[in-house]
Amino acid sequence: MACSTQDVIAAVRAGAEAVAAHREELNQLDRAIGDADHGENLDRGFQAVVSKLGGAADETPASVLKMTATVLISTVGGAAGPLYGTAFLRAATAVGSAGELDGPAVAGALQAGLEGVVARGRAETGDKTMVDALAPAVEAAKSAAASGAGPADVLAAAAQAAQEGAQSTEPLVARKGRASYLGERSAGHLDPGARSTALLLSSFAESARSRS
Ligand code: ADP
Ligand code: MG
């Protein structure tokens, strides 16, 4: 089943709930290798996004994604705000004026999001950032879409790969962002942004599954 504007809205709400539920966990991860604000930054941003739902932006998948992007950019702050904001903005552009998204459109939106994060932050896989979760998620999403999966299964494949990708950041030494200031001492901790990417994708997948 294709993904409608209402499905995108439901996914964004589910993302906000997941961030709120894991706010302290994300702060704790960021306390170990950063400044302990990742959960609070994202929670502030997603609550602001949710407060704008039900308004003029609820028109197409792209308009919801674009509103999400602009609100995240203006409210999250830190490194993650502009990075997630750019991801949602590129995803909005990728889906264009479509009223409903099929599997390949969802995979394309995720790929565009990854390209936005990389264009903005210049991180590569293995740098211990959100890219370590998002890049394998995009690969999994693309191969699921290529074998005919619909949006819910594309998102489920992405979420599973993101989960594994986030876990893979634990032994890595950070080469980008605040955690890179710690050098070797950043090893032995999960990257908070990789964890939040996995959480968001899981919540989108769960939402899509429950509505399909
Ligand atoms: P800040 O580091 O400014 O306090 P946050 O704590 O909200 O911002 O976000 C930190 C997360 O941002 C990191 O865990 C990492 O995943 C991500 N991040 C930081 N710099 C980059 C970058 N250049 N590219 C991709 N992701 C990055
Ligand atoms: Mg931080």
Side-chain angles (χ1 to χ4, degrees), residues 3 6-55 57-58 64-65 67-85 87-88 91 106 109-110 113 117 128-134 136-137 140-141 151-170 177-179 189-212:
C3 182
Q6 287 307 315
D7 295 330
V8 176
I9 291 170
V12 169
R13 279 193 200 283
E17 280 165 23
V19 165
H22 292 269
R23 176 191 155 109
E24 280 320 307
E25 177 197 341
L26 294 171
N27 281 341
Q28 288 294 347
L29 292 174
D30 195 30
R31 179 164 294 124
I33 59 170
D35 56 356
D37 65 355
H38 187 60
E40 114 189 19
N41 287 344
L42 275 188
D43 189 33
R44 179 173 59 247
F46 273 94
Q47 293 313 319
V49 170
V50 165
S51 75
K52 290 248 159 61
L53 291 171
D58 294 10
V64 177
L65 294 169
M67 180 279 280
T68 302
T70 51
V71 173
L72 290 180
I73 289 169
S74 63
T75 55
V76 174
L83 290 165
Y84 275 124
F88 279 97
V106 171
L110 291 174
V117 169
K128 197 179 180 103
T129 71
M130 60 177 72
V131 170
D132 291 324
L134 193 50
D153 288 334
V154 165
L155 287 169
Q160 173 69 35
Q163 208 72 36
E164 288 160 20
Q167 212 58 47
S168 80
T169 63
E170 186 166 341
R178 203 180 285 278
H189 304 278
L190 283 192
D191 177 62
R195 174 70 180 134
S196 62
T197 292
L199 276 172
L200 285 168
L201 287 171
S202 294
S203 70
F204 297 163
E206 202 44 58
S207 173
R209 174 159 325 283
S210 73
R211 295 172 62 85
S212 66

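- Judged by distance alone, with hydrogens and angles left aside, the side-chain atoms of D37 form no donor-acceptor pair with the main-chain N or O of E40 at under 3.5 Å.
- Rounded to the nearest 0.5 angstrom, L26 CG and R31 CZ are separated by 12.0 Å.
- Between the side chain of T75 and the main chain of A48, no donor-acceptor pair closer than 3.5 Å is present.
- Proximity of a side-chain donor or acceptor of D132 to a complementary backbone N or O of G165 within less than 3.5 Å is not detected.
- Nearest heavy-atom pair across V19 and G39 is CG1-O, 4.4 Å.
- Applying the side chain to side chain donor-acceptor pair (under 3.5 Å) test to every pair with at least one member in residues 159-168, sequence neighbours left out, gives these pairs: Q160-E164, Q163-S202.
- Of all non-hydrogen atoms in S212 and A152, the two that sit nearest each other are OG-CB, 4.1 Å.
- Once rounded to the nearest 0.5 Å, the distance linking CD1 of I9 with OG1 of T68 reads 9.0 Å.
- The CG atom of L200 sits 9.0 Å away from the CE atom of M130 when rounded to the nearest 0.5 Å.
- Listed here is the closest heavy atom pair of G15 and F46: C-CD2, 4.5 Å.
- Note on residues 193-208: pairs passing salt bridge (Lys or Arg N to Asp or Glu O under 4.0 Å), not counting sequence neighbours, are E25-R195.
- For D58, there are no salt bridge (charged side-chain N to carboxylate O under 4.0 Å, His left out) partners, not counting sequence neighbours.
- Atom CG of L190 and atom OG of S196 lie 11.0 Å apart (nearest 0.5 Å).
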Worked check of side-chain contact (heavy atoms from CB on, under 4.5 Å) between V8 and C3: CA-CA 7 Å; V8 176; C3 182; 3.9 Å; yes
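- By the salt bridge (charged side-chain N to carboxylate O under 4.0 Å, His left out) test, R211 pairs with D7, sequence neighbours left out.
- Checked against side-chain contact (heavy atoms from CB on, under 4.5 Å), V76 has the following partners two or more places apart in sequence or in another chain: N41, L42, L72.
- Between the NE2 atom of H38 and the CG atom of L29 there is a distance of 8.5 Å, given to the nearest 0.5 Å.
- With hydrogens and angles disregarded, a donor-acceptor distance shorter than 3.5 Å links the side chain of K128 to the backbone of E170.
- Checked against side-chain contact (heavy atoms from CB on, under 4.5 Å), A21 has no partners two or more places apart in sequence or in another chain.
- Nearest approach of I73 to G85, heavy atoms of both residues: CG1-CA, 3.5 Å.
- Applying the side-chain contact (heavy atoms from CB on, under 4.5 Å) criterion to A162, with sequence neighbours excluded, gives A133, A137, A198, L201.
- Scanning for salt bridge (charged side-chain N to carboxylate O under 4.0 Å, His left out) contacts around R44 gives an empty result, with sequence neighbours left out.
- Considering all non-hydrogen atoms of both residues, A57 and M67 come closest at CB-CB, 3.5 Å.
- If you take OG1 on T129 and CG on D191, they are separated by 6.0 Å, rounding to the nearest 0.5 Å.
- With sequence neighbours excluded, no residue forms a side chain to side chain donor-acceptor pair (under 3.5 Å) with S203.
- Evaluation of the salt bridge (Lys or Arg N to Asp or Glu O under 4.0 Å) test over residues 15-24, restricted to residues two or more places apart or in two chains, returns R23-D43.
- Among residues two or more places apart in sequence or in another chain, the salt bridge (charged side-chain N to carboxylate O under 4.0 Å, His left out) test is passed with R209 by D153.
- Residues meeting the side chain to side chain donor-acceptor pair (under 3.5 Å) test with T197, sequence neighbours left out: Y84.
- Across all non-hydrogen atoms, the minimal contact from F88 to A69 is CB-CB, 3.7 Å.
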